[in-house]
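Written out below as structure tokens is the structure these notes cover.
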Amino acid sequence: MDTADRLELTTRHTQEAVTEDELEALLAEDDPSAYIGLAPTGEMHIGHLTTIRKLADLLKADIGVTVLVADLHAHLDDEKSPFDLLDARSAYYEETIRGMIEAAGEDPDDVSFVRGTEFQLNEEYTLEMYRMAAETTLARARRAGSEVVRESDSPNLGGLLYPLMQSLDVDALDADIAYGGVDQRGIYMLAREILPDHGGESPICLFAPLLSGLSGGKISASDDASKVNLNDSPDEVIAKISDAYCTMGDVEDNGVLEYLQYLVFPILDEHGEDFVVERPEEYGGNLVYEDYGSLEADFVSEELHPADLKPAVGIAISEIIDPIRKRLDDQPELLAAAYPEKYGDR
RNA sequence: CCGCCCUUAGCUCAGACUGGUAGAGCAGUCGACUGUAGAUCGACUUGUCCCCCGUUCAAAUCGGGGAGGGCGGACCA
């Protein structure tokens with residue numbers, strides 16, 4: 001595969017590369033590596049799926065992929081995960097991520113999984129973290145993590161250490177590329193800035209877009225209606241899409257369209273299939289789309305009505321999460337252990 | 001170690017001084033209107049009032065004790 005093809009595979013469906021020139025230069029070499037870190041906090045949802053599916057592209061582009069299950073980070077960020085649930089949640093995250101990679105057509109065994117506590121406690125790492133703490137202002141650390149770390153009137157120290165550690169992770173895992181959702185941008189820009197002073201190199205950054213929430217704004221971990229969960233039943237998925245904010249002709253904040261753009265069409269494309277919208281004869285009959293662009297054009301021109309679109313998207317999304325849903329349903333002990341207050345004692 | 005403040009609906013908080021078993025906004029649910037959702041109207045729902053003990057006919061409210069959270073002071077050989 002030539003560099004141009006690898007670059008295309010690597011950047012398709014992403015929001016930004018910092019910088020694209022650096023990425024292209026990297027891909028001209030052998031054995032580039034990428035990593036993504038996920039803190040095992042709340043349940044994984046469809047937004048994670050768009051981000052993780054990208055890893056399949058990276059593998060196809062011959063990039064080594066490491067997934068960091070950042071257990072310490074999950075606790076450091078305002079104790080989002082209680083300390084004694086870190087193992088259970090890490091296990092759940094890893095298994096779910098494996099399912100996503102497999103569903104994307106790649107072998108999860110080609111990805112190396114690492115947990116934060118495996119290396120973040122060693123002497124070298126810890127010492128460098130202290131040195132960073134000495135050199136970084138409160139304001140800088142807070143700004144770096146502002147999109148990721150929970151906001152509070154009385155913030156904990158952990159949330160400030162968080163971006164420093166994440167910067168060190170890039171170096172500790174020897175990653176050329178730091179990959180994640182664009183919410184991670186602030187942290188990786190800090191990493192690019194300070195890592196060279198701490199024995200590392202500025203990572204190339206690759207950012208996935210974040211899906212809008214189905215209620216209109218951002219996806220909210222605490223608002224179930226704002227997102228499709230990976231273990232939602234087909235009926236629940238269809239109901240959530242049906243209830244989604246989706247203004248006729250308006251692309252802004254439109255989670256339904258984003259699901260199509262970032263999930264449905266990329267997947268149909270791989271299978272060589274079209275997207276069919278069933279529409280009653282009185283409104284003009286069925287519609288068939290080969291690509292997202294033509295669907296969006298029809299939506300913007302109001303030829304395609306949300307009420308016709310939604311059921312088709314609901315079914316498509318339900319099918320997309322089906323393999324992951326099955327995996328979770330087959331291992332109920334994973335969720336029961338990770339979220340005992342919700343799934344325990346079943 | 002000392003002092004002060006906070007803890008009431010899913011969330012943010014009012015009510016406490018002047019005891020009579022609770023309210024607002026937001027969220028949520030349901031209708032109306034749209035061929036979806038939203039917006040807008042209309043209706044509705046929601047509570048161990050942090051815990052324990054005491055005073056009282058009666059305690060979210062008063063007294064005592066405790067827990068959790070926040071802020072400040074002091075100590076600084």
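Chain letters run A, B, ... following the sequence lines, proteins first, then strands; residues in each count from 1.
- Scanning both residues, Ser220(A) and Ser226(A), for their nearest heavy atoms gives N-OG, 2.9 Å.
- With a cutoff of under 4.0 Å to any heavy atom of chain A, the contacted region of RNA chain B is bounded 5' to 3' by G35(B) to G70(B).
- Contacts between residues 247-256 of chain A and RNA chain B, defined by a heavy-atom separation under 4.0 Å, are made by Thr247(A), Met248(A).
- The same atom, C1', is picked in A60(B) and in U18(B); the two are 16 Å apart, to the nearest Å.
- Nucleotides G47(B) and C62(B) are separated by 23 Å at their C1' atoms, to the nearest Å.
- Across all strands shown, Asp223(A) has no heavy atoms under 4.0 Å from either base or sugar-phosphate atoms.
- Where Arg279(A) and Ser215(A) meet RNA chain B, the nucleotide closest to each residue was compared, and Arg279(A) sits on the side nearer the 5' end.
- The existence of a salt bridge linking Arg12(A) and Glu270(A) is confirmed by a sub-4.0 Å separation between a basic side-chain nitrogen and an acidic carboxylate oxygen.
- Using Watson-Crick or G-U wobble geometry with both donor-acceptor distances under 3.5 Å, G3(B) finds its partner in C71(B).
- Partner assigned to C49(B) is none, using Watson-Crick or G-U wobble distances below 3.5 angstrom.
- For the C1' atoms, the distance from A14(B) to U56(B) is 26 Å, rounded to whole Å.
- Side chain to side chain, Ser112(A) and Thr66(A) meet the donor-acceptor criterion of an N or O pair below 3.5 Å.
- Residues Tyr259(A) and Ile241(A) form a side-chain contact, since some pair of their non-hydrogen atoms from C-beta on lies under 4.5 Å apart.
- Spacing between U61(B) and C17(B) at atom P, rounded to whole Å, works out to 10 Å.
- The minimum heavy-atom distance between Pro203(A) and Leu195(A), with the atom names listed, is CD-CD2, 4.2 Å.
- Note that OG1 of Thr14(A) and CD of Glu20(A) are 7.5 Å apart. Values are rounded to the nearest 0.5 Å.
- Straight-line distance between the C1' atoms of G73(B) and U55(B): roughly 35 Å, to the nearest whole Å.
- On the C1' atoms, G68(B) is 24 Å away from A74(B), given to the nearest whole Å.
- Across all strands shown, A77(B) forms no Watson-Crick or G-U wobble pair with both key distances under 3.5 Å.
- Across the strands present, G23(B) finds its partner in C13(B); the criterion is a Watson-Crick or G-U wobble pair with both atom distances under 3.5 angstrom.
- As rounded to the nearest Å, A24(B) and C71(B) have C1' atoms that lie 28 Å from one another.
- Gln166(A) and Tyr188(A) form a side-chain donor-acceptor contact under 3.5 Å, judged by distance and modelled atom types alone.
- The shortest heavy-atom contact between Pro306(A) and Phe299(A) is CG-CE1, 3.9 Å.
- Base pairing analysis places G42(B) opposite C30(B); the two distances defining the Watson-Crick or G-U wobble pair are each below 3.5 Å.
- Side-chain contact between Ile46(A) and Asn229(A): absent, with no pair of heavy atoms (C-beta onward) separated by less than 4.5 Å.
- Applying the Watson-Crick and G-U wobble criteria (two distances, each under 3.5 Å), A37(B) pairs with nothing in any strand.
- Toward the 5′ end of RNA chain B lies the nearest nucleotide of Pro280(A), the other residue of the pair Pro280(A) and Ser154(A) mapping further downstream.
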Mind running salt bridge (Lys or Arg N to Asp or Glu O under 4.0 Å) on Arg98(A) and Glu94(A) for me, showing each step along the way? CA-CA 6 Å; Arg98(A) 282 179 176 276; Glu94(A) 176 167 341; 3.4 Å; yes
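- As rounded to the nearest Å, C44(B) and G23(B) have P atoms that lie 14 Å from one another.
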